[in-house]
K.L.:
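One structure follows; several queries about it will come next.
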Amino acid sequence: MTIPVLIDCDPGHDDAIAILLALASPEVELRGVTTVAGNQTLDKTTRNALKVLELADRTEVPVAVGADAPLKRTLRTAANVHGESGLDGPDLPEPTTKPVDGHAADLLAEWIEPGVVLVPTGPLTNVALMLERHPDVRDRLDRIVWMGGAIGEGNTTPAAEFNALVDPEAAAAVFGSGIPVTMIGLDVTHLALFDSSHAERLRVSGRAGKAVAELADFFLRFHRQRYAFDGAPIHDAMAVAHVIDPTLVETIACNISIETQSQFCDGRTVVDRWSVTGLPENAEAGVDVDAERFLELLVARIGSLS
Ligand code: RIB
Ligand code: CA
């Protein structure tokens with residue numbers, strides 16, 4: 001049974017790899033891509049999404065442009081991680097395709113039907129706008145699998161992960177929507193490091209594999225310098241992998257609330273892992289991952305793209 005998937009993203013190295021993983025996996029059907037400002041400005045994340053689909057020769061997948069800023073806050077980007085283009089590393093040609101007309105928040109609502117899994121891999125601005133503009137979507141959106149947040153430490157402040165911190169109000173709206181959310185956070189993504197051996201296997205595996213190797217080369221530098229990691233967490237690809245094979249990531253049911261008014265902890269995903277608050281279990285949080293199986297899936301599938 002192929003699972004229809006929509007990816008809302010801010011490409012971004014790991015967003016790009018997540019899109020390629022979805023395209024390379026028969027378990028899922030990528031029905032559409034929507035873009036949001038996050039890792040870079042909206043014009044750049046949109047250009048990058050178009051580039052990635054063209055790289056995989058899959059320009060029939062529609063791209064819809066979304067929000068260029070968070071609901072209430074000033075946009076913060078991550079050029080220190082993803083570079084000025086948002087996809088530094090490979091020299092990908094300018095896209096020859098254009099996004100479809102219409103705002104991502106409206107097109108997501110149009111594209112969502114029972115059975116579709118929404119996989120946001122950036123700030124949740126578009127998803128929150130969709131819920132605001134089209135409240136009826138709650139009746140037909142069964143599941144959101146989001147790369148973002150953390151049970152433990154953040155990566156942008158000590159308390160907050162980037163996607164959550166860029167737009168905490170949007171994250172609060174999504175986690176308060178009543179739609180089940182699976183949070184694939186830093187606690188699990190940092191357990192699976194894509195290293196130079198994975199990159200070398202892909203470098204000789206075709207056009208997409210070569211581009212992913214070059215994305216990893218660039219992405220690895222930040223993680224080596226910041227964390228002294230000998231590899232890079234391909235965060236967003238793990239969210240897609242969780243839809244492909246739900247046995248990879250172990251999750252727990254819990255309440256997740258979002259801090260939106262704190263001097264030190266703004267954007268924190270407050271995960272009540274031990275049910276001490278009595279708040280309703282509105283989410284699943286990733287707590288462990290079979291890192292080797294995830295990385296092997298990633299390399300095998302990307303390597304299978306011609
Ligand atoms: O914190 C990691 C997340 O923020 C990833 O989705 C990365 O692409 C950035 O969007
Ligand atoms: Ca992302």
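Numbering starts at 1 and runs along the sequence shown. Start at 1 and go down the list; that is how both ligands and their atoms are numbered.
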K.L.:
Any ion pair linking Arg207 and Asp57 (charged N to carboxylate O, less than 4.0 Å)?
P.N.:
no
K.L.:
Within the structure provided, determine whether Asp245 and Arg293 are in side-chain contact (heavy-atom separation under 4.5 Å).
P.N.:
yes
K.L.:
Leu50 and Pro99: which non-hydrogen atoms are nearest, and at how many Å?
P.N.:
CD1-CD, 3.9 Å
K.L.:
Would you call Glu54-Lys51 a salt bridge at under 4.0 Å N-O?
P.N.:
no
K.L.:
I'd like to check which ligand 1 atoms, numbered from 1 as shown, lie under 4.0 Å from a non-hydrogen atom of Asn163.
P.N.:
3 (C), 4 (O), 5 (C), 6 (O), 9 (C), 10 (O)
K.L.:
For atom 6 (O) of ligand 1, what is the nearest protein heavy atom, given as residue, atom name and distance?
P.N.:
Asp236 OD1, 2.6 Å
K.L.:
To check you understand the geometry: which heavy-atom pair defines the closest contact between Ala213 and Ala199, and what is its length?
P.N.:
CB-O, 3.4 Å
K.L.:
Below a 4.0 angstrom heavy-atom separation, can you tell me which part of Asn155, side chain or backbone, both or neither, approaches ligand 1?
P.N.:
side chain
K.L.:
Where on Asp14 is there a heavy atom closer than 4.0 Å to ligand 1, on the side chain, on the backbone, on both, or on neither?
P.N.:
side chain
K.L.:
Between His235 and ligand 1, is there a nitrogen or oxygen pair with a distance under 3.5 Å?
P.N.:
no
K.L.:
Mark up the atoms of ligand 1 that fall under 4.0 Å of a heavy atom belonging to Thr121, in ascending order.
P.N.:
6 (O), 10 (O)
K.L.:
Where on Asp15 is there a heavy atom closer than 4.0 Å to ligand 1, on the side chain, on the backbone, on both, or on neither?
P.N.:
side chain
K.L.:
Looking at Arg268 and Glu161, is any side-chain nitrogen of the basic one under 4.0 Å from a carboxylate oxygen of the acidic one?
P.N.:
no
K.L.:
Taking only Lys NZ, Arg NE, NH1 and NH2, and the carboxylate oxygens of Asp or Glu, determine whether Asp187 and Arg273 approach each other closer than 4.0 Å.
P.N.:
no
K.L.:
Name the closest protein heavy atom to atom 9 (C) of ligand 1, giving the residue it belongs to and the distance to 0.1 Å.
P.N.:
Asn39 OD1, 3.2 Å
K.L.:
Mind counting the protein N, O or S atoms sitting less than 3.0 Å from the Ca ion (ligand 2)?
P.N.:
5
K.L.:
Within a distance under 4.0 Å of any heavy atom of Glu161, pick out the atoms of ligand 1 and give their elements.
P.N.:
1 (O), 2 (C), 3 (C), 4 (O)
K.L.:
Hey, does the side chain of Asn282 reach the backbone of Ile256 with a donor-acceptor pair shorter than 3.5 angstrom?
P.N.:
yes
K.L.:
Salt-bridge test for Arg143 and Glu284: reply yes if a basic N is under 4.0 Å from a carboxylate O, no otherwise.
P.N.:
no
K.L.:
Over all heavy atoms of both residues, which pair between Ala37 and Pro123 is shortest? Give the atoms and the distance, please.
P.N.:
O-CG, 3.6 Å
